[in-house]
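Taking it in order: structure first as structure tokens, then the write-up.
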Amino acid sequence: MTTNPTVQAAPPRWAEWLLRLTLKRTDRESVSGDLLEEYRDTVVPARGKAAADAWYLRQVAGFVWRATWLWAVLFSGAFVIRQAVDFFIPTHDFIVRSQVTTYTAIALMAATSFWSAWRSGSVVSGVVVTIAMTLIAAVLSVAGVTLLLAIWHDPATLKAAADSGGIEEAYVMPFILIVPALIVGTIAATIGSVGRRLLIQREHV
Amino acid sequence: MADVLGAFEQAVLLAVVRLREDAYGRAILKEVQKRLERDVAAGAVHATLERLENKGLLASRLGSGTPVRAGRPRRYYRLQPAGIRALNDARAAVDTLWQGLKWPLIKTRAMV
């Protein structure tokens with residue numbers, strides 16, 4: 001007996017794991033099944049395994065982007081606005097500004113994680129989606145700050161940037177935020193996941 | 001008045017109409033790609049199906065799996081009365097906009 005090699009072909013396991021984390025619990029099987037069917041039936045026979053894997057990764061990236069883009073744009077927007085305020089309205093007292101941006105960042109991380117965990121019923125989903133959101137936001141933030149500096153790089157703006165923590169900070173900080181994203185994400189995802197379970201239990205009683 | 005549909009939402013709903021009992025995720029994706037004559041991301045179709053279902057324009061049920069899907073079920077979609085109304089309204093709106101004009105448009109001096 002021979003087996004059809006395309007039915008045996010499988011996309012990268014980690015990509016399938018990531019895909020399932022971005023989906024609602026009720027869509028997890030059907031949507032991953034749709035992608036697997038297309039991968040095996042159409043893409044592998046037409047393009048070969050390596051190109052099919054690349055196609056699969058692009059599809060998963062699309063799902064991750066759809067799960068995170070809104071939060072990532074808000075997050076990076078807040079970061080770039082803070083940088084712009086520091087560049088254009090110099091100050092020596094950063095306490096209020098720091099508090100506003102810190103609480104905004106925590107709120108956005110928590111909201112992303114809670115929403116994802118609530119939707120999927122999975123703590124891991126909340127954490128992974130929050131980290132993905134923070135990474136995407138970091139890239140957007142770096143692009144935003146670069147654009148700011150490309151347009152305004154007069155001596156006064158550069159001095160204000162240096163006084164507010166330096167340009168390096170504007171480029172490194174967005175990536176360092178992945179650490180608090182992990183912590184805040186875990187807490188908010190646990191609340192989201194447990195909250196959903198309690199609600200479902202209450203509805204069934 | 002029914003929901004105002006975007007072009008992509010219309011493409012997805014019309015794919016469901018065309019596919020009838022076979023309207024599940026992958027088949028809808030392929031039908032939309034065929035009609036729009038471009039590559040469409042599976043995530044875009046899935047997000048649209050979810051939105052249309054939340055709006056009450058579509059309903060869905062889970063079917064059986066197949067070996068090529070590793071036994072994972074298909075989710076089949078069915079147009080709801082609100083979906084039919086929305087599609088009819090969308091078509092009527094386009095027809096109204098085109099009323100009195102010949103198609104295809106030909107460039108005339110008045111347009112330059």
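In the text below, chain A, chain B and the rest are named by the order of the sequence lines, each starting its count at 1.
- Of the candidates R26(B), R69(B), R74(B), D34(A) forms a side chain to side chain donor-acceptor pair (under 3.5 Å) with just one, namely R69(B).
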Pair S32(A)-R72(B), side chain to side chain donor-acceptor pair (under 3.5 Å): steps then yes or no: CA-CA 8 Å; S32(A) 65; R72(B) 295 170 199 171; 3.2 Å; yes
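- A 4.5 Å side-chain heavy-atom check between R75(B) and V31(A) finds every atom pair outside the cut-off.
- Put simply, of A44(B), G65(B), A41(B), the one with the most heavy-atom pairs under 4.5 Å next to chain A is A44(B).
- Under the 4.5 Å side-chain criterion, counting only non-hydrogen atoms from C-beta, L23(A) is in contact with H46(B).
- Q59(A) contributes a side-chain N or O that, together with a main-chain N or O of A42(B), makes up a donor-acceptor pair within less than 3.5 Å.
- The part of L62(B) that comes within reach of chain A is its side chain, from C-beta onward, which places non-hydrogen atoms under 4.5 angstrom from that chain.
- The local environment of CD1 in I95(A) is sparse, with at most 12 non-hydrogen atoms from other residues, nucleotides or ligands closer than 6.0 Å.
- Within 6.0 Å of the CZ atom in R51(B), the count of heavy atoms belonging to other residues, nucleotides or ligands exceeds 12.
- Distance CG/D41(A) to OG1/T66(B): 8.0 Å, rounded to 0.5 Å.
- Heavy-atom contacts from other residues, nucleotides or ligands closer than 6.0 Å to CH2 of W69(A) number 12 or fewer.
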Salt bridge (Lys or Arg N to Asp or Glu O under 4.0 Å) between E53(B) and K24(A), worked out: CA-CA 14 Å; E53(B) 195 172 5; K24(A) 278 197 308 190; over 6 Å; no
Chi angles and distances behind the salt bridge (Lys or Arg N to Asp or Glu O under 4.0 Å) call for R66(A), E50(B): CA-CA 12 Å; R66(A) 279 178 185 81; E50(B) 191 181 340; over 6 Å; no
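- T26(A) touches chain B through backbone and side chain together, each having a heavy atom under 4.5 Å away.
- A distance of 7.5 Å separates CZ of R58(A) from CG of D39(B), quoted to the nearest 0.5 Å.
- Around CG of L105(B), the count of heavy atoms belonging to other residues, nucleotides or ligands within 6.0 Å exceeds 12.
- Atom CZ of R18(B) has more than 12 neighbouring heavy atoms from other residues, nucleotides or ligands inside a 6.0 Å radius.
- Counted within 6.0 Å of CD on E21(B), heavy atoms from surrounding residues, nucleotides or ligands total 12 or fewer; the atom is thus considered open.
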Check against salt bridge (Lys or Arg N to Asp or Glu O under 4.0 Å), K30(B) and E38(A): CA-CA 9 Å; K30(B) 292 182 91 75; E38(A) 178 70 0; 3.2 Å; yes
